Amino acid sequence: MNIASILGKFCYSGVCLKSVCKSRVNPFRIQVLRMGLLTEGSPLTWEETKALAEHVRQHGIEQFINLYKKLRDRTGDVLKWGDEVEYIIVKFDDENQRATVSLRADEILPELQKKELEDPQNVKSLWRPEYGAYMIEGTPGKPYGGLLAHFNIVEANMKFRRAEASTLLKDGEVIMSITNFPRLGCPGFTSPPYEPTPSSGVTRSHFFPDESIYPGHPRFKTLTSNIRHRRGEKMAVNLPIFRDVNTKIPVDNYHELEKGVAQPDCVYMDAMGMGMGCCCLQLTFQACCITEARTLYDQLAPLCPIMLALSAASPIYRGYLTEVDCRWNVISASVDCRTREERGLEPLKNNKFRIQKSRYDSIDSYLSPEHEKYNDIQIVHDPNIYRRLREGGIDHPLALHVAHLFIRDTVSLFSEKVNQDDENDTDHFENIQSTNWQTMRFKPPPPNSRIGWRVEFRPCEAQLTDFENAAYVCFVVLLTRVILSYRLNFVLPISKVDENMQRAQRRGACTQEKFWFRRDVRSPDADVYAEMTINEIVNGKDGVFPGLVPLIESYLSGMDVDADTHCSVQQYLKLIQRRAAGEISTMATWMREFVTQHPAYQKDSVVSEKINYDLLKTAHGIQTGSIAAPTLLGSSNVSKTNEDIPKAFTKMMNKDCP
Ligand code: GLU
Ligand code: MG
């Protein structure tokens, strides 16, 4: 494998440099990182990239076939897992009572990555760039394993990461794991301030200046430009505004400026950054073999909308309260590279397919043969590619999945990467795979590595505190254990999962909506579905469904677990249970309440500079533990302050038990 080909693995949302399940002995890694950070690479123009779309597709498919042949029988890998948290660098200007995003990720990241370069075996954290010039992404230095005691390190590691990044901040700056910066896209929302350039640059937005895109790697701007070019017009996101008594409709005059695109009763956004500039909490699991990975992929897919609603944390966009609580559809539209023909707005002439979804969306099919019957929506694919995959020995559902991913064109190609050795390289496969940003991702082992088959769980919104992020992470990991141990079956027809994804994003969905769910998760055959609230799903419904937490409790009761880990896990489960029951709020609801109760709020859905400042200051106080937030966190949790971190690290098991 040559260095140039490895370099491409320093890719946006790619797999190879993520900590999770990473081989600990990777002689290339340091070099890769160094090159990834220092080289500019040579992204091809959109015209060049477009001309090579078929080339990438064909070779990507051959690469997958070769990979599959080598690795399909790989078995015996153990459970490893890890989290990824994305953060925003917020800057407070106390004098003027303003909060902005600080565009300093490219100054901070090289510092944060130094330890990894010096001693990759022994770092506690790994840092990567994200889309925004104000974003960073942190993961644990090495994956967690199958021990229950590992649940007791997750929060401490998250705290360590936050503290580590915080040492590099300047006056007024803080690191916040908020899903969206509420005034992202408002005039002067960045530090330093920049003007958006609607008629030049890569984004061409009224709201989001190109300077807000991470400048340290060309991939982010390349993606922005190519996605817009491929679509043939600017990105368009219309979020219904929350209608308060004084809310102005039309919201502003963009419906006149962008006729037929911007809707008058919506918060209109026109940039990839308005979506991809949002943060999330993700998890990756290594399975013991491909079959287990397929099972986990399928079983976790119906839980994506449930976890999205439970983690809802982003009700405010471009300074307005909206009717949604989550980022999902915003990001989906912000990277929707489908042409008008593909979106069904014009007859097909230059394109091959009508495509129902953006490349950022909920999954379209299950992977296990026994779940094929639940694949009830159209899985658009090229029959020739499907045939080639079948000839290559890949079974029907997996061939369909890969063929479906490959309806997308490459939207970022580097000249060094065009010609590859399909026997040993996988970059063309990864190119398409890593720009299909779906709720779940099925990840084959990288070639020649110790890493096994993995799945990534991608729907959750970033939570404000490390306590909450740790709680969500542990809850999902425990669910995977319960699913595998009890052979539970959550699978629903995909159309119902899609319906749930839309319901999950509505205002107050966590307590107000009902979701399609399997009535009997313990029987593989009983295909009966009911609509249940998140409370019923999480806490149980008499005579209908035992509840996810009671199932976890029953699993844990048979396990030998030390008292302190037990105590932590109980606190985490309690948070999830209380959110589900509506006893405490999601971050989305908490933010809505903060805004609507703010003395400066005019009942007009507007989140002004002052309200935004107070909101984020208060949120930051909650994050550090200096402000209590019983309605968000409940009173039982005593969140540790930053000063506690070294203690938490040297003595993992020193949590306060209420
Ligand atoms: N920030 C994106 C989100 O909120 C995810 C980007 C990634 O795949 O890491 O979903
Ligand atoms: Mg990320």
Side-chain angles (χ1 to χ4, degrees), residues 9-20 82-89 101 105 109 112 125-140 161 165 176-181 184 208 212-214 216-217 219-220 223-224 227 237 269 271-284 304-305 307-308 311-314 317 324-336 358-363 405 408 411-412 430-443 454-463 469 472-473 501 504-505 587-588:
K9 301 224 166 71
F10 182 76
C11 65
Y12 182 33
S13 246
V15 274
C16 301
L17 282 182
K18 282 186 179 169
S19 68
V20 176
D83 65 83
E84 290 162 50
V85 183
E86 296 170 348
Y87 307 84
I88 290 180
I89 311 166
V101 296
L109 265 171
L112 283 173
S125 58
L126 299 171
W127 293 96
R128 298 290 173 261
E130 250 306 334
Y131 184 87
Y134 51 86
M135 289 166 83
I136 51 175
E137 178 187 291
T139 62
R161 267 140 56 185
M176 295 185 80
S177 45
I178 43 173
T179 294
N180 186 28
F181 181 79
L184 198 81
F208 198 88
S212 321
I213 304 172
Y214 181 74
H217 196 281
R219 176 164 295 263
F220 301 102
L223 277 172
T224 312
I227 284 177
V237 190
M269 292 173 277
M272 176 166 169
M274 298 299 293
M276 275 298 182
C278 293
C279 296
C280 66
L281 170 69
Q282 293 165 336
L283 278 164
T284 300
C304 288
M307 293 311 297
L308 183 62
S311 65
S314 51
Y317 290 85
V324 308
D325 272 3
C326 307
R327 78 198 188 289
W328 194 266
N329 284 350
V330 180
I331 310 190
S332 177
S334 85
V335 290
D336 188 354
S358 160
R359 59 201 298 159
Y360 183 110
D361 216 314
S362 187
I363 64 155
L405 294 182
R408 311 292 172 178
V411 273
S412 162
E430 285 299 339
N431 185 315
I432 303 298
Q433 154 101 332
S434 69
T435 51
N436 268 276
W437 296 280
Q438 296 179 321
T439 38
M440 298 293 306
R441 190 176 284 160
F442 180 68
K443 297 158 95 162
R454 292 151 301 154
V455 294
E456 189 174 344
F457 186 77
R458 305 170 44 86
C460 290
E461 306 236 306
Q463 304 296 292
N469 282 316
Y472 281 75
V473 161
M501 277 303 284
Q505 301 177 54
M587 183 64 180

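The structure displayed is predicted, hence computed values, not measured ones. Hydrogens, waters and symmetry mates are skipped; everything else that's a heavy atom, side chains included, is used. In each ligand, atom 1 is the first atom listed, and ligand 1 is the first ligand listed.
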Going through the checks in order, is the side-chain hydrogen bond (donor to acceptor under 3.5 Å, both in side chains) test met by Arg359 and Thr435?
CA-CA 7 Å; Arg359 59 201 298 159; Thr435 51; 2.8 Å; yes
Before giving the answer on side chain to side chain contact (heavy atoms under 4.5 Å, CB included), spell out for Met135 and Tyr214 the whole-Å C-alpha distance, their side-chain angles and the decisive distance to 0.1 Å.
CA-CA 8 Å; Met135 289 166 83; Tyr214 181 74; over 6 Å; no
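Residue contact check: Glu130 has heavy atoms under 4.0 Å from atoms 6 (C), 7 (C), 9 (O) of ligand 1. Atom numbering of ligand 1 starts at 1 in the shown order; those under 4.0 Å from a heavy atom of Ile331 are 3 (C), 4 (O), 10 (O). Taking a cut-off of under 4.0 Å to the non-hydrogen atoms of Glu86, the atoms of ligand 1 that pass are 1 (N), 2 (C), 4 (O), 5 (C), 6 (C), 7 (C), 9 (O).
Only the side chain of Arg458 comes within contact range of ligand 1, with a heavy atom under 4.0 Å; no backbone atom does. Residue contacts with ligand 1 for Cys279 involve N, CA, C or O but no side-chain atom from C-beta outward (heavy atoms, distance under 4.0 Å). Here Tyr360 has side-chain heavy atoms under 4.0 Å from ligand 1, and that is the only part of it that gets that close. Contact annotation for Glu84 and ligand 1: no heavy atom of the residue comes within less than 4.0 Å of the ligand. Heavy atoms of Cys278 found under 4.0 angstrom from ligand 1 belong exclusively to the backbone.
Looking at Glu86, its N, O or S atom nearest to the Mg ion (ligand 2) turns out to be OE2. The atom of Glu130 nearest to the Mg ion (ligand 2) is OE2, with the search restricted to N, O or S atoms.
Using the six-membered ring where Trp is involved, Tyr131 and Phe208 have ring planes that are tilted, between 30° and 60° apart.
Rounded to the nearest 0.5 Å, atoms CD1 (Ile227) and OG (Ser334) are 8.0 Å apart.
Contact annotation: Glu137 places an N, O or S atom under 2.8 Å from the Mg ion (ligand 2).
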